[in-house]
Amino acid sequence: MISSSEYGSHSWELLVTVDHQHEGVPKEFLLQVAGDLHIGGLMLKLVEQIKIAQDWSDYALWWEQKKCWLLKTHWTLDKCGVQADAKLFFTTQHKMLRLRLPNMKTVRLKVSFSSMVFRAVSDICKILNIRRSEELSLLKPSEDTLKKKKKKDKNTKEPVTEDILNLCNSPVSSGLSGSPGLYSKTMTPTYDPVSGTPASSTITWFSDSPLTEQNCSILAFSHPNCSPETLAEMYQPRTLADKAKLNAGWLDSSRSLMEQGILEDDQLLLRFKYYTFFDLNPKYDAVRINQIYEQARWAILLEEIDCTEEEMLIFAALQYHVSKLSLSSEAQDFTCESEVDEVEAALSNLEVTLEGGNTNNILEDITDIPKLADNLRLVRPRKLSLKAIKPYWFVFKDTSISYFKNKESAQGEPIEKLNLKGCEVVPDVNVAAKKFGIKLLIPVADGMNEVYLRCDNENQYARWMAACVLASKGKTMADSSYHPEVHKILSFLKMKNWTMSPQAVSDPENTDMKPECFVSLRYTKKYKAKQLVARILEAHQNVSQMPLVEAKLRFIQAWQSLPEFGLSYYIVRFRGSKKDDVLGVSYNRLIRIDIATGDPITTWRFSNMKQWNVNWEIRQVAIEFDQNVSIAFTCLSADCKIIHEYIGGYIFLSTRSKDQNETLDEDLFHKLTGGQE
């Protein structure tokens with residue numbers, strides 16, 4: 001054995017580059033270190049050698065080759081695997097980042113580049129006063145949108161200066177003391193629930209944060225719409241493959257920004273990633289409601305989600321109404337209403353939740369399984385002939401529909417029994433033409449069985465549609481959400497059902513509306529501006545009396561009722577298949593979609609899922625469902641980690657409850673979404 005003194009010293013030289021702004025001070029330092037020196041000791045040694053008196057507390061070591069932070073200060077260099085060839089960078093953990101919000105405004109603020117993205121988004125949402133940060137994430141802009149932007153910049157002679165809201169003085173880690181991220185019965189209302197303006201009692205805490213009243217207004221109000229030219233220049237997905245590109249850029253929530261190649265002052269998009277908006281409350285969520293409204297608005301204008309012409313006019317009327325109220329001074333003024341006692345408010349909320357009222361029926365409701373029975377028409381599409389439309393007597397019980405030749409034969413065996421669990425329910429409605437149809441895509445062994453039900457009127461349609469929607473999720477009409485679902489469908493139909501009122505649309509030319517700002521390009525090409533103005537004003541009559549926040553919530557509800565709502569698309573190749581398919585990921589199911597026709601092939605519900613995992617070597621996601629159903633696919637349009645995180649994220653969000661002591665279980669989120677790479 002040779003002694004260490006004979007062999008030579010165990011110490012070696014390590015080069016560290018320091019990120020500082022001081023002139024005349026070198027940026028590179030050569031330190032004599034040993035393998036048993038811990039990271040904290042290395043940083044202390046480095047600071048002593050730099051000899052600059054400043055606050056170094058936000059600095060940490062970044063290992064360039066391994067693309068990782070050395071944050072465990074008690075670990076030794078040997079344990080970290082750091083050797084003489086390592087390139088270490090001593091830099092700040094919090095750096096400037098530009099974020100484009102759903103309302104297309106850009107904010108510039110300091111964000112932690114060393115925390116996991118999940119935590120960083122939580123900190124960002126505290127600054128912006130958005131509750132339920134787990135519903136949002138950061139997205140890299142797709143290459144196609146950037147290409148279109150570069151092309152636009154080439155064509156414009158004058159440089160466009162982007163209006164950026166600077167929140168750079170914000171202390172990211174501390175967040176807002178007056179803005180708890182979760183629900184609490186003792187929370188002070190921070191916004192007026194009618195107009196969305198900051199409540200006067202909260203202006204005191206606004207002054208302590210970078211989110212002043214003016215900045216809050218920028219985030220909580222919908223501002224004048226963009227010009228039609230700007231809309232035309234924005235990237236619009238044409239096909240399912242285009243839509244799949246939009247979802248390829250989600251950042252990994254379990255890794256930091258720096259680890260994912262994000263640099264200081266880069267621009268990212270802050271978006272609602274998960275379409276389950278939990279506990280939306282106008283008293284606390286003016287910014288959140290406005291940003292969801294804006295994300296929905298742009299999805300419709302840019303045709304990221306399809307809707308009918310009738311629906312497009314509803315959306316246009318609501319946008320016109322919101323922009324009118326946002327510009328009017330009345331909406332900006334704080335409406336001084338009498339303060340409602342907190343206990344009284346909690347009691348009234350409880351009453352609403354329980355759908356309070358007739359206590360005599362409670363026992364009856366528990367013991368009786370509700371059922372629907374009515375005359376409807378059945379339509380079965382036939383490939384070689386016209387659709388066959390026949391009237392039958394339909395009975396809806398539990399989660400299935402049975403139909404009989406007539407009411408008298410309902411005691412016997414049905415002609416057919418349709419089990420709706422796991423089916424796709426698509427509205428087929430044209431209120432003006434008095435068409436109230438329900439399209440059912442029922443899973444069978446070799447794909448989807450297509451059935452149409454035709455109802456006679458709005459009320460019948462609302463009851464049957466709500467029952468179908470619940471049954472598809474495995475719920476019966478006994479579920480507490482049945483009656484609110486019926487009410488929601490009826491209110492949406494009421495908005496669609498407008499009649500021409502001469503005094504309301506006396507002279508469309510006198511209105512200062514730019515209809516091109518409220519509808520997608522398809523309709524501006526189809527109709528003249530005058531025609532669009534007249535039709536939007538027609539539709540506007542049904543919503544003209546709504547307060548500002550209610551109009552936004554109605555818009556969000558209407559968006560949620562669209563068949564494609566909440567679907568994020570990815571191009572995948574299923575195991576054993578020779579062609580590519582599109583996979584739609586939603587809050588409660590996965591849908592395999594034909595890439596050429598856009599038709600759903602099969603649906604799998606998360607409620608039937610037993611387990612899922614990823615083979616990281618071949619980047620394949622494998623999922624097992626009940627009844628020995630298993631699927632596996634590789635993702636072609638994005639990293640398979642993104643789909644894996646989506647599935648885990650939705651399952652995580654389904655565990656939330658409105659408990660006042662609830663705190664987010666971050667560890668559970670990472671267990672469900674992180675994967676074992």
Side-chain angles (χ1 to χ4, degrees), residues 103 192-197 220-225 277 280 282 285-286 289-301 305 307-332 335 427 429-432 458-459 461-462 484-508 510-520 523 527 529 531-562 565:
N103 66 347
D192 177 64
V194 178
S195 66
T197 51
F221 283 96
S222 187
H223 291 272
N225 291 54
F277 310 123
L280 269 184
D285 289 327
I289 288 168
N290 187 56
Q291 297 299 332
I292 294 172
Y293 160 76
E294 287 285 346
Q295 186 160 325
R297 191 171 80 83
W298 285 105
I300 285 154
L301 288 177
I305 184 168
C307 65
T308 64
E309 189 170 313
E310 198 173 42
E311 287 160 347
M312 181 62 81
L313 289 168
I314 293 285
F315 289 125
L318 283 165
Q319 285 177 75
Y320 173 60
H321 187 60
V322 167
S323 68
K324 260 178 72 175
L325 287 182
S326 300
L327 286 169
S328 69
S329 56
E330 292 116 54
Q332 303 287 355
T335 49
V429 175
N430 186 328
V431 177
E458 293 178 12
N459 288 324
Y461 168 79
E485 185 69 30
V486 173
H487 178 72
K488 192 171 90 176
I489 292 165
L490 281 171
S491 66
F492 190 36
L493 289 176
K494 191 183 171 191
M495 282 198 288
K496 286 184 177 185
N497 188 14
W498 63 79
T499 50
M500 191 74 167
S501 158
Q503 70 269 17
V505 198
S506 53
D507 190 2
N510 287 347
T511 54
D512 55 352
M513 187 201 297
K514 287 183 181 171
E516 308 91 337
C517 298
F518 303 119
V519 295
S520 64
Y523 296 101
Y527 295 106
Q531 291 172 305
L532 278 174
V533 169
R535 296 192 69 188
I536 291 169
L537 288 174
E538 261 181 72
H540 180 248
Q541 292 169 72
N542 274 356
V543 299
S544 59
Q545 300 307 309
M546 277 184 197
L548 180 58
V549 177
E550 190 190 331
K552 288 179 187 175
L553 288 170
R554 280 295 179 90
F555 191 99
I556 294 165
Q557 280 176 359
W559 175 49
Q560 287 172 316
S561 69
L562 296 177
F565 166 75

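Along the sequence shown, the residues carry numbers beginning at 1.
Between I314 and C307, every side-chain heavy-atom pair lies at or beyond the 4.5 Å cut-off. Residues R554 and V543 fail the side-chain proximity criterion, which asks for heavy atoms closer than 4.5 Å. Residues L548 and S326 have side chains in contact (heavy-atom distance under 4.5 Å, counting atoms from C-beta outward). Within the 4.5 Å cutoff, no side-chain heavy atoms of M513 are placed close to those of H540. Using a 4.5 Å heavy-atom cutoff, the side chains of L313 and E538 are not in contact. Using a 4.5 Å heavy-atom cutoff, the side chains of I289 and I556 are in contact. Two residues are said to be in side-chain contact when any heavy atoms from C-beta on lie closer than 4.5 Å; Y461 and P427 meet this criterion. At least one side-chain heavy atom of E309 sits under 4.5 Å from a side-chain heavy atom of Y527.
The two atoms that bring S520 and M312 nearest to each other are OG-CE, 3.3 Å, heavy atoms only. Heavy-atom minimum distance, M546 versus A551: SD-CA, 3.9 Å. Between A316 and V519, the closest heavy-atom pair is CB-CG1, 3.8 Å. Shortest non-hydrogen contact noted between A462 and L490 is CB-CG, 3.6 Å.
By the 4.0 Å N-to-carboxylate-O rule, E294 lies close enough to R297 to be salt-bridged with it.
Of the inter-residue distances, the one linking L532 atom CG with K514 atom NZ reads 15.0 Å to the nearest 0.5 angstrom. Distance check: C517 SG to Q319 CD gives 9.0 Å after rounding to the nearest 0.5 Å. Here the CZ-NE2 distance, from F518 to H321, works out to 12.0 Å after rounding to the nearest 0.5 Å. Once rounded to the nearest 0.5 Å, the distance linking CG of L562 with OG1 of T308 reads 8.0 Å. Atom NZ in K488 sits 12.5 Å away from atom CG in L493 (nearest 0.5 Å). One finds the CZ atom of F315 at 3.5 Å from the CD1 atom of I300 (value rounded to the nearest 0.5 Å).
Aromatic ring orientation, W559 versus F277: parallel (interplanar angle below 30°, classes split at 30° and 60°).
Remark: side-chain polar atoms of Q295 are not paired, donor with acceptor, to backbone N or O of I292 under 3.5 angstrom. One N or O on the side chain of E310 and one on the backbone of A432 form a donor-acceptor pair closer than 3.5 Å.
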Side chain to side chain donor-acceptor pair (under 3.5 Å), that's the test. Do N290 and K552 meet it? Break it down for me. CA-CA 7 Å; N290 187 56; K552 288 179 187 175; 2.9 Å; yes
